[in-house]
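Below is one structure; the comments refer to it alone.
Index from 1, following the sequence.
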Amino acid sequence: MAGAGDDEMKLLNTWFSPFGSRVMLTLHLKGLSYEYMEEEDVINNKSQLLLESNPVHKKVPVLFHKGKILCESMIIVNYIEEAFPDAGPSLLPSDPYERAIARFWAAFIETNVVQPWVMMLDGTRSREEMGELVKKMIAAVVTLEGALAQCSKGKPFFGGDSVGYVDVALGGLQVWVRATEALFGGLGVNVKFLDAGRTPLLAAWAERFVALDAAKAVLPDYGRLMKYIVMRRTAAASVLAQTKN
């Protein structure tokens with residue numbers, strides 16, 4: 001496995017990471033070549049390269065470029081945007097105010113969508129806690145419906161005519177969102193986060209996004225992801241049961 005000192009761009013990731021998908025979407029949209037390095041077991045047996053390159057969070061994705069190491073998906077997306085200004089379409093608007101607005105909504109997604117969603121999937125929450133997290137996430141999605149109307153100005157994406165920064169932040173999660181809905185359905189909880197009746201703009205946006213060539217190229221396979229989620233939740237529930245005995 002290559003180290004961090006090489007000049008070419010390399011991405012350390014795992015196939016199911018929605019956050020790694022954000023980085024790969026960006027690289028694909030900009031037409032940039034890179035070497036993909038799979039982290040085989042990011043949960044239970046992290047590689048030495050991952051531990052050394054991201055000692056703070058110990059998570060993928062990690063980007064290596066010209067001897068530099070970058071962690072955290074949206075920080076990496078920002079870096080790619082600034083390091084390769086002439087590659088592909090710009091993800092951030094040229095206007096400083098509109099750039100700030102795009103970054104605001106990306107941060108909103110992290111706090112109000114990603115955080116409760118991760119908590120829902122860890123396999124340790126009670127039904128009551130799960131219900132509260134679902135409510136929080138749905139409320140955030142409703143807010144994003146208004147953000148899409150504001151940012152898109154009636155065009156197909158948050159970025160307007162083409163995919164932008166907020167599209168990448170939310171779009172990387174799309175297969176996971178579908179899988180989460182199916183998982184809850186299997187548990188007897190009917191949840192649809194992107195409901196056409198409640199958030200018609202976002203529902204139509206999601207269909208457009210997953211139909212993009214970039215999305216088809218980098219987002220994880222739905223069936224494989226479902227098997228992984230069920231396996232991970234079962235393992236987490238087993239560990240929790242053992243700690244209570």
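- Contact check on E98 versus K153 returns a salt bridge, with a Lys/Arg side-chain nitrogen under 4.0 Å from an Asp/Glu carboxylate oxygen.
- Contact detail for P18 and L173: the closest heavy-atom pair is CB-CD2, 3.8 Å.
- Counting all heavy atoms, side chain and backbone alike, K58 lies closest to L51 at CD-CD2, 3.8 Å.
- With a 4.5 Å cut-off on side-chain heavy atoms, E72 and H57 count as touching.
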Derivation and outcome, side chain to side chain contact (heavy atoms under 4.5 Å, CB included), residues V191 and T180 | CA-CA 9 Å; V191 175; T180 303; over 6 Å; no

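- Clustering ILVMFWY residues whenever any of their side-chain heavy atoms sit less than 4.5 angstrom apart, transitively, puts V56 in a cluster other than the one holding V114.
- Note on M231: it clusters hydrophobically with L225, by side-chain heavy-atom contacts below 4.5 Å among ILVMFWY residues.
- Cluster membership for V113 and I75, using ILVMFWY side-chain heavy atoms within less than 4.5 angstrom, is not shared.
- Proximity of a side-chain donor or acceptor of D167 to a complementary backbone N or O of G164 within less than 3.5 Å is detected.
- Side chain of R208 to backbone of P156: a donor-acceptor contact under 3.5 angstrom is found.
- Only one option out of W205, F209, Y165 pairs with F158 in a side chain to side chain contact (heavy atoms under 4.5 Å, CB included); it is W205.
- In terms of modelled atom types and a separation under 3.5 Å, the side chain of E181 and the main chain of F193 share a donor-acceptor contact.
- Inter-residue side-chain proximity for E38 and N13 is flagged as unmet; no heavy-atom pair is nearer than 4.5 Å.
- Atom CD of residue Q174 and atom CD of residue E207 lie 10.5 Å apart, to the nearest 0.5 angstrom.
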Walk me through it: do F64 and L49 pass the test side chain to side chain contact (heavy atoms under 4.5 Å, CB included)?
-> CA-CA 11 Å; F64 304 103; L49 178 60; 3.9 Å; yes

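- Side-chain atoms of H65 and Y79 include a donor-acceptor pair closer than 3.5 Å.
- Using modelled atom types, no side-chain atom of R125 and backbone atom of M130 make a donor-acceptor pair closer than 3.5 Å.
- In terms of heavy atoms, L25 sits closest to V168 at CD1-O, 4.4 Å.
- To the nearest 0.5 angstrom, M24 atom CE is 14.0 Å from L32 atom CG.
- At least one side-chain heavy atom of L27 sits under 4.5 Å from a side-chain heavy atom of M9.
- Among all heavy-atom pairs drawn from Y222 and A182, the shortest one is OH-CB, 3.2 Å.
- For R198 (side chain) and K192 (main-chain N/O), a donor-acceptor pair under 3.5 Å exists by modelled atom type.
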K136/N112 under side chain to side chain contact (heavy atoms under 4.5 Å, CB included): CA gap, chis, key distance, verdict | CA-CA 7 Å; K136 182 175 181 179; N112 297 279; 4.2 Å; yes

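- Residues A169 and A106 share a closest heavy-atom pair of CB-CB, 4.2 Å.
- Here the side chain of E145 pairs a donor or acceptor atom with the backbone of L201 at under 3.5 angstrom.
- Taking the side chain as every heavy atom from C-beta outward, E110 and Q115 never approach each other to under 4.5 Å.
- Here the CG atom belonging to L170 is positioned 6.5 Å from the CG atom belonging to L202, to the nearest 0.5 angstrom.
- Rounding to the nearest 0.5 Å places CD of E39 at 5.0 Å from CG of L12.
- Each of L50, I43, V42 was checked for a side chain to side chain contact (heavy atoms under 4.5 Å, CB included) with T14, and the lone residue meeting it is V42.
- The two residues C151 and W105 come nearest to each other via the heavy atoms SG-CD1, 3.7 Å.
- In this structure, R224 is not positioned above the aromatic face of F16 in the sense of NZ or CZ being under 6.0 Å from the six-membered ring centre and within 45° of the axis.
- Between S21 and W15, the closest side-chain pair of non-hydrogen atoms is not below 4.5 Å.
- Distance CG/L29 to CG/L212: 7.5 Å, rounded to 0.5 Å.
- Looking at S126, its side chain does come within 3.5 Å of a backbone N or O of E129 through a donor-acceptor pair.
- For D213, the CG atom counts as loosely surrounded, since its 6.0 Å shell holds 12 or fewer non-hydrogen atoms of other residues, nucleotides or ligands.
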Stepwise, does the side chain to side chain contact (heavy atoms under 4.5 Å, CB included) test hold for L183 with L121?
-> CA-CA 10 Å; L183 176 67; L121 290 179; 3.9 Å; yes

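- The side-chain heavy atoms of K30 and E81, taken from C-beta on, include a pair separated by under 4.5 Å.
- When side chains are defined from C-beta on, F108 does not count as touching V166, because their heavy atoms never get closer than 4.5 Å.
- Side-chain contact check for M37 versus L11: every heavy-atom pair is 4.5 Å or farther apart.
- By the 6.0 Å contact criterion, CG on D95 is enclosed, its count of non-hydrogen atoms from other residues, nucleotides or ligands being greater than 12.
- Within a 6.0 Å sphere centred on NZ of K59, heavy atoms belonging to other residues, nucleotides or ligands number 12 at most.
- Note: N54 CG to L70 CG = 10.5 Å, rounded to the nearest 0.5 Å.
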